[in-house]
Amino acid sequence: MGRRRRSRAQYLKGELIEREDFSEDLAAFKFRVDKQLPFIPGQYATIGFQVGEKIVQRPYSIVSSPHEPFMEVFVELVPEGETTPLFWELKLGDSVFFRERLVGRFVLETESGMTRHVMAGTVTGAAPYISIARTQKIEQEQGKASPHQILAIVGASRSWELGYYMDELNELAAQEEWFTFVPTVSRPWEDPEWQGESGRAEDVVRKYGDQLGYDHTNAVVYACGHPQMIENAKAIWARARFPEERIKEEKFFVMKEE
């Protein structure tokens, strides 16, 4: 993806109101934007930084729900990238630019009539799933039905890389019958206090899908994050007879930073 040059007039300003660093290269950022931006959970925002006379922009999946009064992103530092190092320079009160239109097709699939969803992600690839789950929770509190059953499987090298999202998703799973969360750690020897599942997300996705009855007859499956995880998960689901149209993917790393 090359650099894109646009005038400031085509953007809204987003002020950093909260930042939480989970590790040296993973952090959550919340922004107050000039106006509420409508979007569908799972879509991404284009965020820009002023660099000299131009604005350098990249897409970032949104963690927050469209019902929340802020825009939240979960970012992994790519040292050679054009934008993620600029996130690490931000202090509270600093501003970035948001394009007004949020886009993307990695949203909850409802056209098939399926109400069960298996969502596999790697670290920041949890972002769209958190947005989807938060939104269903908020709408349930508003009195709307919660028709969708969600199994979210999120992998990280070490548990602390998921930061406070680990607590949020565990709490939601404890509260809601429609949501199941399985965090898994691929380097448990570096995380000796970890007592949960071990392995990569794709290593355990079939295990939990089978245990909980999410299969090719009743579910849609999603993979978001590292491209290799996505390819591995897609192959597993293909062998489990999921049709191609019910396997959705969103690649990070390559797509987000080039």
Side-chain angles (χ1 to χ4, degrees), residues 18-23 26-30 40-44 60-68 70-76 106-108 115-141 146-188 191 193-209 211-212 214 219-226 229-230 233 248 250 252:
E18 187 177 322
R19 170 179 176 169
E20 183 79 22
D21 289 85
F22 303 154
S23 67
L26 289 160
F29 300 84
K30 290 183 182 178
I40 301 170
Q43 291 188 313
Y44 61 83
Y60 290 92
S61 291
I62 296 299
V63 175
S64 44
S65 165
H67 299 299
E68 293 180 303
F70 52 81
M71 299 292 281
E72 181 177 356
V73 290
F74 183 15
V75 182
E76 180 170 7
F106 195 72
V107 299
L108 200 67
T115 58
R116 311 199 90 192
H117 309 268
V118 181
M119 301 177 175
T122 51
V123 197
T124 57
Y129 309 147
I130 298 168
S131 181
I132 290 168
R134 281 188 189 178
T135 300
Q136 182 154 304
K137 171 67 172 175
I138 291 169
E139 291 181 350
Q140 178 181 271
E141 292 171 346
S146 300
H148 296 283
Q149 301 287 316
I150 297 171
L151 166 60
I153 299 172
V154 180
S157 295
R158 297 159 289 268
S159 60
W160 58 81
E161 294 176 348
L162 296 177
Y164 57 63
Y165 298 126
M166 176 79 80
D167 295 332
E168 176 183 351
L169 295 174
N170 277 327
E171 182 176 344
L172 183 61
Q175 293 174 343
E176 304 297 338
E177 291 185 359
W178 53 263
F179 185 72
T180 302
F181 174 51
V182 180
T184 182
V185 166
S186 62
R187 296 185 180 183
D191 193 354
E193 295 185 7
W194 176 249
Q195 299 297 314
E197 188 65 75
S198 62
R200 300 180 185 276
E202 66 268 34
D203 295 336
V204 300
V205 69
R206 181 73 186 270
K207 169 184 172 181
Y208 285 92
Q211 282 183 5
L212 298 172
Y214 289 71
V220 182
V221 292
Y222 308 73
C224 183
H226 194 286
M229 181 279 291
I230 291 174
K248 303 190 68 173
E250 181 93 317
F252 278 14

Study note, to complete from the structure: dist Thr122:OG1 -> Ile153:CD1 (nearest 0.5 Å) comes out at 13.0 Å
Review point. If you round to the nearest 0.5 Å, how far is CG of Leu169 from OG1 of Thr180?
Key: 11.5 Å
Check your understanding: Can you name the side-chain hydrogen bond (donor to acceptor under 3.5 Å, both in side chains) partners of Glu168, sequence neighbours left out?
Key -> Arg134
Point to revise | Phe22: partners by ring-ring contact (aromatic ring centres under 6.0 Å, His included), with sequence neighbours left out | key: Phe74, Tyr164, Tyr165
Is [X] atom [atom1] crowded by more than 12 heavy atoms from other residues, nucleotides or ligands, each under 6.0 Å away?
X: Glu193; atom1: CD; answer: no
X: Glu177; atom1: CD; answer: no
X: Arg200; atom1: CZ; answer: no

Non-hydrogen side-chain atoms of [X] and [Y] separated by less than 4.5 Å:
X: Gln43; Y: Ile62; answer: no
X: Tyr208; Y: Glu197; answer: yes
X: Lys248; Y: Phe106; answer: yes
X: Met119; Y: Ile132; answer: yes

Review point. Parallel, tilted or perpendicular: which describes the rings of Tyr129 and Tyr222, with under 30° parallel and over 60° perpendicular?
Key: perpendicular
Of all heavy-atom pairs between [X] and [Y], which one has the smallest distance, and what is that distance?
X: Ser157; Y: Ser186; answer: CA-OG, 3.4 Å
X: Leu172; Y: Lys137; answer: CD1-CD, 3.9 Å
X: Glu161; Y: Ala156; answer: OE1-CB, 3.6 Å
X: Ser159; Y: Asp191; answer: OG-OD2, 2.6 Å
X: Ala27; Y: Asp21; answer: CB-OD2, 3.6 Å
X: Glu68; Y: Ile138; answer: CG-CD1, 4.0 Å

**Study point:** side-chain contact (heavy atoms from CB on, under 4.5 Å) assessment of Gln149 paired with Tyr214
**Key:** CA-CA 9 Å; Gln149 301 287 316; Tyr214 289 71; 3.5 Å; yes
Check your understanding: Without hydrogens or angle criteria, can the side chains of Glu176 and Gln140 be said to hold a donor-acceptor pair below 3.5 Å?
Key -> yes
Check your understanding: Do Tyr44 and Glu250 have side-chain N/O donor and acceptor atoms under 3.5 Å apart?
Key -> no
Check your understanding: Hey, mind stepping through Phe179 and Gln136 against side-chain contact (heavy atoms from CB on, under 4.5 Å) and telling me if it holds?
Key -> CA-CA 10 Å; Phe179 185 72; Gln136 182 154 304; over 6 Å; no
Are any side-chain N or O atoms of [X] and backbone N or O atoms of [Y], one a donor and one an acceptor, separated by less than 3.5 Å?
X: Thr135; Y: Pro41; value: no
X: Ser131; Y: Ser64; value: yes
X: Ser23; Y: Leu26; value: yes

**Study point:** side-chain contact (heavy atoms from CB on, under 4.5 Å) between Tyr60 and Val75, worked out
**Key:** CA-CA 8 Å; Tyr60 290 92; Val75 182; 4.3 Å; yes
Exercise for review: Please lay out, stage by stage, how Trp194 and Thr184 fare under the test side-chain contact (heavy atoms from CB on, under 4.5 Å).
Suggested key: CA-CA 9 Å; Trp194 176 249; Thr184 182; 6.0 Å; no
Review point. With sequence neighbours left out, what residues match Arg187 under salt bridge (Lys or Arg N to Asp or Glu O under 4.0 Å)?
Key: Glu190
